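What you see is a predicted model; the values in this text were computed from it and never measured.
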Amino acid sequence: MPDNILSELERDTAPEAGAGFVDLVAGYFAETRQGKGPVSTPLSPEQIAARFDEPLPRTGRPLPEVVERLRSEVLPDCNRLYHPMYIGHQVSAPLPAAVWTEPVIGALNQSVAVWEMSPVATVIEHRVVRWMTGLAGFGAGAGGTLTSGGTEATFTALLAARNTVIPDVWEHGVGADPPVVVYGEHAHYGVSRAVGELGLGMRSAVPVPSPDFRMDPRALRAALDRLAREGRRLMAVVATSGSTATGSFDDLEEIGALCEERGIWLHVDGAHGASALLSSVHRHRLAGLHRARSLAWDPHKGMLLPLSVGMVLVRDERVLETAFSQKAPYLFHGGGDERVIDQGVRSFQCSRRADALKLWVALQRYGAEGIGRLYDHLCDVTTGLWEAIQERADFEALHRPESNILCFRYLGGGGLDAARVDELNRALRPAYNRSGAGWITATVLGGRPVLRVTVMNPRTRVEHMRALLDGLAAGAGRLAG
C-alpha cells in the first residue's frame, strides 16, 4: 500500500470498491435461495479461531483481497439465516431493502442522541415511534426511543416505573424496602435481570404461575393481594406478548384491567410478539395493550429487520425524560415546558446509529400490510409443523403455536423409557445442527429437554418443516444405534 493513506481512502469511495461487497451479499442471497449447502458450521470454536490466528496487520492490503477473505474465510462458517432450513433462534433473515440501507447508515454516521448531530434521522425516529405508538393504541402524548433490543427496552421501562414510584430515587436510592416487580414464570430473563440491575434485589422479583405458558390472571390477583397484606409497594407488573420459549401471549385485557383497578404500572414485553399488531389475523392477541404504560418491541424480530432495531414505547413520553433526568447542557437544549427533540434525554445510549432508517425504509418499501403478511406466513408455516407432528407417532408437540415458535419432542417408535427419550432429545439437536442439514434450538419445559423452532425466514415453507422431522427422525435413529 502506498505511504499516502489518504489516496487509499479516496480510492475506497469509488463505486467499484463497494461493488465487491454488494456482490458478496447478492451472492449470499442467491446461494441460500436454492436451499443448498450447510446451514451452519461443523467446526469447533478452536478450529475457527485457528484460521484467524495472525498478528496485528501493520500494513494494509488491496481491498479486493480483503473481500476475498470475507468470501472464503468468513461466510462459509457463518450461520446462514437466509437458508430455508435455518429455523433456530429469534434472529431474522432480514428484509433485503433494510439490508441495503446499512451502508447508508454507516456512511452518514449520524449519532441519534442530539438533533444537531442527526437532524433528519432524529425526525425520522420520532415519526416511526409515532407510527408504532399508534399501532399500540397509545394516545397523542405517547413517545419512545429506539434501543439495542428488548432487554434494554424493558430495563428502560422499569427504570421509568421505578422513578415514578420513588420520585427521589436519584438522590436517595431505592432504600431498605424497595418496591416489587411481578411477572409470569415464563417471562424473559431480562425482567429479573433488570430487577437486579436496578438495585431492587431479587427479593423484589416475584414470579407467578403460568399454566399453558401464560401468566394466570387469578394467580396474579392472589400475588398482588398477598403483597398488599405484607405492606409491599408495587413498582410494576410485567406481562409477556410472545414468550421466548413458546411464543405465548398473556391475557392483556384481564391483566391490564387489574393493573388499572389498582393503579399499577403495566409493562408489556412484546419484544417478539408485538409485531402481530401489523397482522390482520393475529393482532387480536394483543387486545388490551392500550392499558399498558410501556411496551418493549423488537422490529428486528417479528418485522424481520437486521440487528439491531429495538424500541421502548410509553403511553406518556414524559416518564422517559424523568427516568433520565440528568443534566447535560453541552448536549441537550431546551427547558421548562418545551418538548426536547433530542432523543438522548430518553435513552441510555448517547452514541447511537440511525437504525430508525432501516425501519423507515422497510415500511416505505413493503408497507405495514406487506410486513404483516410476512408475519402471517411465519405463523402459518409454524402451524404447518404442528399439523405435521399430529400425523406422526414419533414426535409430540408441547403446545399449539400462537406465533412462529413451537416446542416439540422426539418420542421414537415406542418402547423407550422416559430417561432414554430425554437423553435422545438432549443429543438430537447438536447432532442435527452439526450435520448442516438444518439448524434448530432447544429449551427445557416442565423439567424435560425439548426441541424448539422459530420460523424467521420467509423462504421457509411447510415442506421444509416436514424435511426437518424426517431429518431429526433419521438422526435419532443413528444416535440410538
Side-chain angles (χ1 to χ4, degrees), residues 113-114 138-139 141-145 147-148 151-183 187 190-207 220 223-239 256 258-269 291-296 311-350:
V114 184
F138 295 169
T145 181
T147 65
S148 60
T151 298
E152 182 192 342
T154 289
F155 189 103
T156 302
L158 292 180
L159 177 68
R162 187 197 69 175
N163 288 21
T164 300
V165 174
I166 317 175
D168 62 351
V169 67
W170 275 73
E171 292 295 326
H172 302 292
V174 298
D177 186 25
V180 173
V181 176
V182 181
Y183 53 92
V191 177
S192 57
R193 171 183 281 186
V195 171
E197 291 172 335
L198 287 168
L200 306 177
M202 294 312 296
R203 176 174 171 269
S204 297
V206 179
L220 172 61
L224 296 179
D225 289 343
R226 174 178 58 81
L227 291 165
R229 289 193 301 270
E230 295 172 356
R232 302 294 303 276
R233 285 183 297 173
L234 263 294
M235 190 178 102
V237 168
V238 179
L258 177 58
C259 290
E260 284 185 347
E261 170 191 318
R262 304 195 180 200
I264 300 171
W265 183 299
L266 172 61
H267 172 66
V268 174
D269 177 5
R291 299 179 185 274
R293 297 282 298 274
S294 55
L295 169 67
M311 59 175 55
V312 58
L313 306 177
V314 290
R315 203 164 63 188
D316 182 351
E317 182 183 65
R318 294 170 298 180
V319 300
L320 288 182
E321 297 170 18
T322 58
F324 299 101
S325 59
Q326 187 178 19
K327 304 300 182 183
Y330 60 92
L331 282 180
F332 309 129
H333 307 289
D337 295 329
E338 178 186 352
R339 178 179 181 271
V340 178
I341 194 171
D342 301 332
Q343 284 289 67
V345 301
R346 304 175 184 96
S347 172
F348 277 102
Q349 302 179 59
C350 185

Report task. Please check if atom CZ in Arg233 has more than 12 non-hydrogen atoms from other residues, nucleotides or ligands closer than 6.0 Å. Result -> yes
Requested in this report: Indicate the atoms forming the closest heavy-atom contact of Leu266 with Gly256, along with that distance.
Outcome: CD2-CA, 3.6 Å
Report summary line: Interatomic distance, OG@Ser148 vs CE@Met311, rounded to 0.5 Å, equals 12.5 Å
Query raised in the report: When rounded to the nearest 0.5 angstrom, what is the spacing between CZ in Arg203 and CZ in Arg232?
Result: 4.0 Å
**Report entry** Shortest non-hydrogen contact between Val345 and Phe324, atoms and distance
**Finding:** O-CB, 3.4 Å
Requested in this report: Give, for atom CG of Leu220 and atom CG of Leu258, the distance between the pair rounded to the nearest 0.5 Å.
Outcome: 5.0 Å
Query raised in the report: Would you say Ser204's side chain and Pro179's backbone share a donor-acceptor pair under 3.5 angstrom?
Result: yes
Report summary line: Quick note, salt bridge (charged side-chain N to carboxylate O under 4.0 Å, His left out) partners involving residues 151-161, not counting sequence neighbours, are none
Query raised in the report: With sequence neighbours left out, what residues match Glu171 under side chain to side chain contact (heavy atoms under 4.5 Å, CB included)?
Result: none
Query raised in the report: Above 12 or not: heavy atoms from other molecules or residues under 6.0 Å from CZ of Arg262?
Result: yes
Query raised in the report: What is the distance from atom CG of Asp342 to atom SG of Cys350, rounded to the nearest 0.5 Å?
Result: 10.0 Å
Going by atom type alone, with no hydrogens or angles, which donor-acceptor pairs under 3.5 Å involve a side-chain atom of residues 159-169 and a protein atom two or more places apart or on another chain?
residue	atom	partner	partner atom	Å
Arg162	NH1	Leu198	O	3.3
Asn163	ND2	Thr322	O	3.4
Asn163	ND2	Ala323	O	3.4
Thr164	OG1	Ala160	O	2.9

Query raised in the report: With no hydrogens and no angle check, is any side-chain donor or acceptor of Arg315 less than 3.5 Å from a backbone partner on Arg291?
Result: yes
**Report entry** Asp316 side-chain N/O to Arg318 backbone N/O, donor-acceptor pair under 3.5 Å
**Finding:** yes
Report task. Check Thr145 against Ser347 and note the closest heavy-atom contact, atom names and distance. Result -> OG1-CB, 4.0 Å
Report summary line: Interatomic distance, OH@Tyr183 vs CG@Leu158, rounded to 0.5 Å, equals 11.0 Å
Query raised in the report: So how far is it from Leu313 CG to Thr147 OG1, rounded to the nearest 0.5 Å?
Result: 9.0 Å
